[in-house]
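Input: a single structure, listed below in structure tokens.
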Amino acid sequence: MKIRAVALNTFKEAIRDRILYLLLFFAVVSLVLSRLLSLLTVGDKIKIIMDAGLSSISIFGVLMAILMGTGLVYKEIDKKTVYTLLSKPINRNQFILGKFLGLIITLFIMLAVMTAIFIIIILLHSGTISWKLFVSLGFIFLELCLITSVALLFSCFSTPILSSIFSLSFYLIGHLSWGMETLIKKITPGISKILTQVVYTLLPDLENFNFKTEVVHNLPIPPKVFLFSLFYGITYTFFILMLSMLVFRKRDFI
Amino acid sequence: MPEEKALEIKDLHKSFKSGLLGKKINVLKGISLEVKKGEIFGYLGPNGAGKTTTLKCILGLLFPDRGTINILGSDHLSIKSKEKTGFLPENPYFYDYLTASEFLNFYSQLFHKQKTEDINKLLELVGLKKHSHTQLRKFSKGMLQRIALAQALLNDPELVLLDEPLGGLDPIGRKEIRDIILSLKERGKTVFLSSHILQDIEMICDRVAILVNGSLANQGRLDELVSQEILFTEITVSKISRKELEKFGKTLTYFGNKSFMKIYDQDKVDEILQLVKEKNGTIHSLVPRTQTLEDIFVGMVKKK
């Protein structure tokens, strides 16, 4: 009940944010442009539309998660609304969970709007939709959940600008870290290999959520990969949320 | 039977680290006080004395370095104690995109039972009934103070913590809020009121504690703290010559045919009255000045 109240209030706050609509507008423009892009390209047009469309949804979703998530807790502290809120019978963990869920609801709705437009574009072009498209969109949503939890964590102790930089770095590192896997294979066994392995384990690997290739080229999605990505996303998000709660629980509101 | 305590603070210490080197600043240096059930307790202190820090410690917004805080027999961080507490912050700021009733409705959901029917009554109590559907961003400072008081009373709390509740209000608003605070006392509620406006504290508080530089300089009942001894008497007379008045002391001002005097010797007051009677003069006013809370407060702050 208390988490729901905070989540609904966060949702009310988020949907009033103009930046959300600005990003949604650009996301829609980008989706429409993917259709135009397909006309200018040689090859299977539907593949271009799917590839560009899914990338647009992913990038604009991440921007929404970062730009809004980084201000979530900071704004409450900065505007001192947290003083009265936490003086009520709500514990700090409930507050963090409420904030997280509020933004997740907002992102889910934004993702649904982008998906609806995307599906209309695909249907207009090919007339059929693959179920794999929804798998890919589902993992984009899972990635957004993880990015939101990261933004929320930074928001607990840092300003929105710094938190945005940190969260964006997390996103970029997460999409580039897969290269280390190849590096590990090439390093000769020894201390450097172990260290690289440790760093790779600690760094996020957001490519686990990337199923665009499977959708675009209609490749099979192995159940093992599917389950691992699902487990990875849920566990990582849960871990970051726990960390946020730990940071927030110890915080003094001066 | 011992009197029940609404709030009990023992040896409260709080420090902050400041600057790059992390220099320690002791804000609270061992505060101990008790607030009895049903009383209005004034927590006085100049700006920067540590009043808000104490309140934040009570509410669990700051973690004390040392000391214990109990609210109505429970630890101050427990949900049980928060269910029975209401808090009005200094310079309140709320979710400005919500309307007054949406805001109160949101906060009411944070308590065990939702009291939607009470929201209208509360808005009426604080004089905001006709603004229930106005967004908080359109509220003036005084209106925000009123809605802040409404949210503090949302759970019908047993202990109400008010941080500068009369700041930013016009004289009528101050009187209304004072009346609400007094009505809380009549209903058996306990009020802990932090302020530096001495006049308000003097008017409504049963007991006070004076905080200076993070330590309690004094605490007790107002009539115990404030001496009833007459310090001096202010007299305004007319139809008596200046020459005759000057022998009683320093005549402060003359305006028209009236003379205003400040007499420190009580015997001389009787002599002036006798003189006025003999010379057929007129006494316009005679005001004996006793010690005020302000005198004590200023004295303590200067001493510290």
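Proteins get letters first, then strands, A, B, ... in listed order; numbering begins at 1 in each. The structure presented is a predicted model; accordingly, all values stated were derived computationally and were not measured.
- The CG atom of B:Leu59 sits 12.0 Å away from the CZ atom of A:Phe253 when rounded to the nearest 0.5 Å.
- The residue among B:Leu161, B:Leu77, B:Ile79 with the most heavy atom pairs within less than 4.5 Å of chain A is B:Ile79.
- In this structure the side chain of A:Glu76 reaches within 4.5 angstrom of the side chain of B:Tyr95, judged on heavy atoms.
- Annotation for B:Phe63: atom CZ counts as buried by contact number, over 12 foreign heavy atoms lying within 6.0 Å.
- Residue A:Lys250 touches chain B through its backbone alone, counting heavy-atom pairs closer than 4.5 Å.
- Results of the side chain to side chain contact (heavy atoms under 4.5 Å, CB included) test with B:Leu110 over A:Leu86, A:Ile90, A:Thr84 single out A:Ile90 as the only residue that passes.
- A 6.0 Å sphere centred on CZ of A:Arg4 holds no more than 12 heavy atoms belonging to other residues, nucleotides or ligands.
- Between A:Asn9 and B:Gln109, every side-chain heavy-atom pair lies at or beyond the 4.5 Å cut-off.
- For A:Ile3, no part sits under 4.5 Å from any heavy atom of chain B, backbone or side chain.
- Enclosure of atom CD1 in A:Ile161 is not indicated, since only 12 or fewer non-hydrogen atoms of other residues, nucleotides or ligands lie within 6.0 angstrom.
- Counting heavy atoms from C-beta outward, B:Lys14 and A:Asp252 have side chains that approach closer than 4.5 Å.
- A:Lys88 and B:Gln151 make their closest contact through NZ-OE1, 2.6 Å (heavy atoms, listed as atom of the first residue, atom of the second, distance).
- Contacts of A:Leu8 with chain B are absent, with no heavy-atom separation under 4.5 Å from either backbone or side chain.
- At a 4.5 Å heavy-atom cutoff, B:Ile58 makes no contact with chain A through either its backbone or its side chain.
- Other residues, nucleotides and ligands contribute only 12 or fewer heavy atoms inside 6.0 Å of the CZ atom of A:Phe231.
- Put simply, the side chain of A:Leu85 reaches to within 4.5 Å of the side chain of B:Phe106, judged on heavy atoms.
- With values rounded to the nearest 0.5 angstrom, B:Leu61 atom CG is found 11.5 Å from A:Lys80 atom NZ.
- When heavy atoms are compared at a cutoff of 4.5 Å, A:Arg92 approaches chain B solely by way of its side chain, counted from C-beta outward.
- Atom CG of B:Asn91 sits about 11.0 Å away from atom OH of A:Tyr83, to the nearest 0.5 Å.
- Considering only heavy atoms from C-beta on, A:Lys12 comes within 4.5 Å of B:Tyr97 through its side chain.
- For the pair B:Lys56 and A:Ile254, the tightest heavy-atom approach, listed with the atom from each and the gap, is NZ-C, 2.9 Å.
- With a 4.5 angstrom heavy-atom cutoff, A:Val82 touches chain B only via backbone atoms.
- For the set A:Gln94, A:Lys75, A:Arg251, A:Lys79, the count of heavy-atom pairs under 4.5 angstrom toward chain B peaks at A:Lys79.
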